[in-house]
Amino acid sequence: MRTRWCGELGIGDVGEAVELCGWVARRREHSAHLAFVDLRDRTGIVQCVVDGAADLRAEYVVRVTGTVTARPEGTVNPSLATGQVEVSGCAVEILNEAEPPPFSLEEWSEADEAIRLRYRFVDMRRERLQKNLVMRSTINAAIRASMFAQGFTEVETPLLWTPTPEGAREFAVPSRLQQGSFYVLPQSPQIAKQLLMVAGVDRYYQIARCLRDEDLRADRQFEFTQLDIEASFVGVEDVLGFVEEAVLDAVEAVTGARPEVPVRMTWREALERFGTDKPDLRYGMELTDLAEVLAGTGFNAFKAEAVRAICVPGAADSSRSKLDGLVERAKSLGAAGLVWMRVVAPAGDDTATEPRAKVADLESPVAKFLSDDERNGIVAACGAKPGDLLLVVAGEHDRACRVLGQLRVDLGRPPVAEGGLRFVWVTEFPLFDGLDEEGNPMAAHHPFTMPHADDLDLLGKDPLSVRSLAYDLVLNGWELGSGSIRIHRADIQSQVFATLGISEEEAEERFGFLTGAFRYGAPPHGGFAVGLDRLTALLAGEENIREVIAFPKTQSGADPMTGAPKPLADRSLRELGIGILPPKR
RNA sequence: GGACCUGUGGUGCAGCCUGGAGUGCACGCCGGCCUGUCAAGCCGGAGGUCGCGGGUUCAAAUCCCGUCAGGUCCGCCA
C-alpha cells in the first residue's frame, strides 16, 4: 500500500515517486486548487501539496501518491524534520473518514487526563506517546540482548499464583473448578524464581508483569513491568554486575552514550547525607549534622538525639507564609517542628539593616536563644551564604533525617528531564524495618533476605540493627529496583522466621513449598528486579509512568476507555460461587 | 483511611476571592473567500445541565454542605 514512511523523507529522496499512508494531521486550504496537507504516520509528518482538499478533514485515514520535491526557495520549514521537502502532485485516496478528534493532537496542546485515557487510541497517535512506546521497546530489546549475552535464560512464570500473605496486597482470582478457592496474581515472581534456582536454571531472567493492589502514584500502577533476575552461586558483587550491565546497555541503546557506572553508598550513608534511601544526586542541599556546633546549647528545642539542617540556596527571601507552610509540611512528615533561619548579611556589614544586625547574621524566631558562636557555627557548618535559607530539624535521628530529606526533595528537586542520569547503588539495607502491632520486627525487603555475615549474632539480641545483603538501584531519586542475596540454609531461615515472629507451623503453611524445595539442594543464590516503567519514564523525561504505558489506569484504578472495573454479571458470579456483600456504611 | 488542587460550549483557559441576564479569550467545528502555507489568513455562523445533589439568598458559575470524576501527596507499596 505504501513505499515509504512520512518522517524519513529528505532532500536525498527528491524526484522519487512515493506512496504514503497515514492520518491527516493538518490541512491548510488556500483555494479550490491549492492546499497543503500534513500527513502523519508513526515516523513523523510530511507536507503534501494537493489540488484541493475540500473533502479532507482532520484525522482522515488516507493514502497519498506523489513525488518528493525540494521545497521552493523561502518555503523550507526548519521546525519540521522533513521540512526541506514536500510531496507534490498528490493524488489522495480516502481510506477512512474520521470524526473530529475529541481533543487537539498538536504536540503543544494538553488535554485532561480522563479524556486522554478515554480516547487513548487517539492520544497514542501523538509523537510523545509514539516516541515513548518505541523507546520502551528499544529498552526491552537491549535488555533481552544483554541478559542473553550474559548467559541468562528467559523463563516465564505463572500469572495464576498462590496467595502468600506478607507484603503487598494481592489481586485475587476466583477458581471456578474449586469454588471458594482463589489464585492470586503475583506481586512479583519472587518465589517462582527462587524455585528455578533450586531447579538448576542457575541464571534466570524475565521481563515480568507484576501486580499489586496498592494505591496508585505518579510512579506506581497496579500492574507494572520488571526486569526480574536471579542467579545461583553468586555474591552481591555478581548480582550488581549483572544488573549494571543490563541497565547501562539499555540506557546506551536509548541515548547512544554509556552513562557513568552507579555510585556506591550504604543505606546508612544515604540516610545521613540525603535523608532518604533513594538519594537524588543531581543537586546538592545535603544534610548537615549540627550536633557538634550545638553540643552545649541552652536552647531546649535543640537538645535532641539529632539536630540536622539543610541549606536552601537563595531562599532567604521566602515569604512568611511560605515558611509557615514549610513548618506545617515538616510537622505533617512527623517532625516536632521546623526552625527556619534566613541568612542575612553579617553584623557590621554596612549593607545590613539595623534590626537585622542586632541578631547577628541569622533572621529566625529562635535566633535570640542562640549564642554568637552557635549562630556562626551553624552558618559555617552548612556552608551558607547571605541570601540562603537554613532549615533545621531536631529530634529522633532517623526521623529528623527523613523529614529534611523530604524537604530537600520538595525544595530542590529539578525537573525529571534535567541534570543527567545519576545512578546509585544503595547497599547494606537493614534486614528489618520497624515493629508490627505485636512488637515483632518486620522484614524490610522480604523474609528470605540473607543477613549480613557480620551481624548474624545480632539477630537474637538487636534485630533492628542487623544489616542485610539487600540493595537498591536508584536513579535520580527514583527507586528503580531492589534485590538481595537469599537465605539458602535452613538454620538461618529458621532464625529469621523466629525473629519475625513466624512460627514453624506458620512458615510451613505460608512458604512450605519453598522451604520444602530448599531441602532438596538449594544453591546459594540472589537476584534483583528493575522497574522498567520507571526506567523508561526517566529516560523519556516523563514525570509519570502513565506516559510510557499504552493503557494505564487512573489514580482510582479505573480505565476510562473500557470502563473497568465493572460489576460481573450474576450468571458469572454464580458460576464462580461468589456473592457480593452489601456496600459498607 | 487522610490532606490539597482541579472540574465553565468539542478542547484549553479567564470569570469565582468581592453574588446581579452564561459574559469573555484562544483553538476546534460548519459555511464562504483565498494559488506557497506550515499551530495558514480573512469574513460569517452554530454550539452551554458552569461535574452532580442539596442549602443560604430577592438573586448562585461565584458563598456553604455533601457527592462524583481527574491529578499530586501522606498512609500503603515484604
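First the proteins, then the strands, lettered A, B, ... as listed; each starts at 1.
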For this session: Verify the stacking flag for His30(A) against A40(B): centroid separation must be under 5.5 angstrom and the ring planes must differ by under 30 degrees.
Result: yes
Problem set entry | Residue pair His525(A), Phe518(A): steps toward the ring-ring contact (aromatic ring centres under 6.0 Å, His included) verdict | CA-CA 12 Å; His525(A) 62 285; Phe518(A) 274 24; 5.7 Å; yes
For this session: Give one of base, sugar-phosphate or nothing for Ala444(A), where a contact means two heavy atoms less than 4.0 Å apart.
Result: sugar-phosphate
Problem set entry | Nearest-angstrom distance from the residue atom NZ of Lys553(A) to P of G71(B) | 12 Å
Exercise. Is there a donor-acceptor pair closer than 3.5 Å between any side-chain N or O of Gln130(A) and the backbone N or O of Met124(A)?
Worked result: yes
Exercise. Can you find an N or O donor on one side and an acceptor on the other, under 3.5 Å apart, linking the side chain of Glu86(A) with the base of G36(B)?
Worked result: yes
For this session: Please state whether the rings of Phe511(A) and Phe497(A) are parallel, tilted or perpendicular, taking 30° and 60° as the class boundaries.
Result: parallel
Exercise. Contact class for Arg546(A) (heavy atom, under 4.0 Å): base, sugar-phosphate, or nothing?
Worked result: sugar-phosphate
For this session: Could you tell me if the ring centre of Phe36(A) sits under 6.0 Å from that of His30(A)?
Result: yes
For this session: Take the protein atom CZ of Arg413(A) and the nucleotide atom P of U72(B), then report the distance between them rounded to whole Å.
Result: 12 Å
Exercise. Any donor-acceptor pair under 3.5 Å linking the side chain of Arg467(A) with the backbone of Pro430(A)?
Worked result: no
Exercise. Toward the 5' end of RNA chain B, which comes first, Ala218(A) or Gly167(A), by nearest nucleotide?
Worked result: Ala218(A)
Problem set entry | For Asp277(A), all residues meeting side chain to side chain contact (heavy atoms under 4.5 Å, CB included), sequence neighbours excluded | Trp267(A), Phe429(A)
For this session: Could you tell me whether Arg118(A) contacts a base, only the sugar-phosphate backbone, or nothing, with contacts defined as non-hydrogen atoms closer than 4.0 Å?
Result: nothing
For this session: Determine the Euclidean distance between corresponding C1' atoms of U23(B) and A60(B); express it in Å to zero decimal places.
Result: 15 Å
Problem set entry | U37(B): pairing nucleotide in any strand, Watson-Crick or G-U under 3.5 angstrom | none
Exercise. Is any side-chain N or O of Arg71(A) under 3.5 Å from a base N or O of U37(B), one able to act as donor and the other as acceptor?
Worked result: yes
For this session: Using a heavy-atom cut-off of under 4.0 Å over every strand shown, decide if Ser31(A) touches base, sugar-phosphate, or nothing.
Result: base
For this session: Determine the Euclidean distance between corresponding C1' atoms of U8(B) and C13(B); express it in Å to zero decimal places.
Result: 10 Å
For this session: Answer with yes or no whether Arg220(A) presents, from its side chain, a donor or acceptor under 3.5 Å of a partner atom in the base of C77(B).
Result: yes
Problem set entry | Toward the 5' end of RNA chain B, by each residue's nearest nucleotide, Leu333(A) or Gln555(A) | Gln555(A)
For this session: Starting from C1' on G2(B), measure out to NZ on Lys331(A) and report it in whole angstrom.
Result: 19 Å
Which atom pairs link the protein and nucleotides 27-30 of chain B when you take only N or O atoms and keep those under 3.5 Å?
{"unit_1": "C30(B)", "atom_1": "OP1", "unit_2": "Arg57(A)", "atom_2": "NE", "d": "2.8"}

Exercise. Quick check: does any side chain N or O of Thr82(A) sit under 3.5 Å from a backbone N or O of Ile45(A), one acting as donor and the other as acceptor?
Worked result: yes
Seminar exercise, completed: Re A69(B): Watson-Crick or G-U wobble partner, both distances kept under 3.5 Å, found to be U6(B)
Problem set entry | Side-chain donor/acceptor of Arg116(A) to base of G70(B), under 3.5 Å | no
Exercise. When rounded to the nearest Å, what value does the distance between C1' atoms of G47(B) and G9(B) take?
Worked result: 5 Å
Problem set entry | Interatomic distance, Arg217(A) CZ vs G71(B) C1' [rounded to whole Å] | 12 Å
Problem set entry | Exam field: side chain Glu59(A) to backbone Ala98(A), donor-acceptor pair closer than 3.5 Å | no
For this session: Pick base, sugar-phosphate or nothing for Pro102(A), based on heavy-atom distances below 4.0 Å to the nucleic acid.
Result: sugar-phosphate
Problem set entry | Ring center gap for Phe121(A) and Trp23(A) short of 6.0 angstrom | no
Problem set entry | Sugar-phosphate only, base, or nothing, as touched by Thr75(A) at under 4.0 Å among non-hydrogen atoms | base
For this session: Could you check whether Phe103(A) and the base of U11(B) form a stacked pair, meaning centres closer than 5.5 Å and planes differing by less than 30°?
Result: no
Exercise. Counting any heavy atom closer than 4.0 Å, what does Leu80(A) reach on the DNA or RNA strands: base, sugar-phosphate only, or nothing?
Worked result: nothing
Exercise. Are the side chain of Asn77(A) and the backbone N or O of Ser79(A) linked by a donor-acceptor pair below 3.5 Å?
Worked result: yes
Exercise. Quantified in whole Å, what is the C1' atom distance between nucleotide A39(B) and nucleotide A59(B)?
Worked result: 43 Å
Exercise. How is Asn544(A) classified with respect to the nucleic acid when contacts are heavy atoms under 4.0 Å: base, sugar-phosphate, or nothing?
Worked result: sugar-phosphate
Problem set entry | U72(B) to G28(B) separation - C1' atoms, rounded to the nearest Å | 30 Å
Problem set entry | base_contact_polar (U37(B) base, Gln47(A) side chain, donor-acceptor, <3.5 Å) | yes
Exercise. If you measure from the C1' atom in C30(B) to the same atom in U35(B), how many Å do you get, rounded?
Worked result: 24 Å
Exercise. Whom does C63(B) pair with, Watson-Crick or G-U wobble, provided both distances fall under 3.5 Å?
Worked result: G55(B)
Exercise. So what does Thr164(A) hit on the nucleic acid, given a heavy-atom distance under 4.0 Å: a base, only sugar-phosphate, or nothing?
Worked result: nothing
Exercise. When only distance counts, do a donor and an acceptor, one from the side chain of Asp112(A) and one from the base of G12(B), lie under 3.5 Å apart?
Worked result: no
Exercise. When the C1' atoms of G15(B) and G66(B) are considered, how many whole Å apart are they?
Worked result: 25 Å
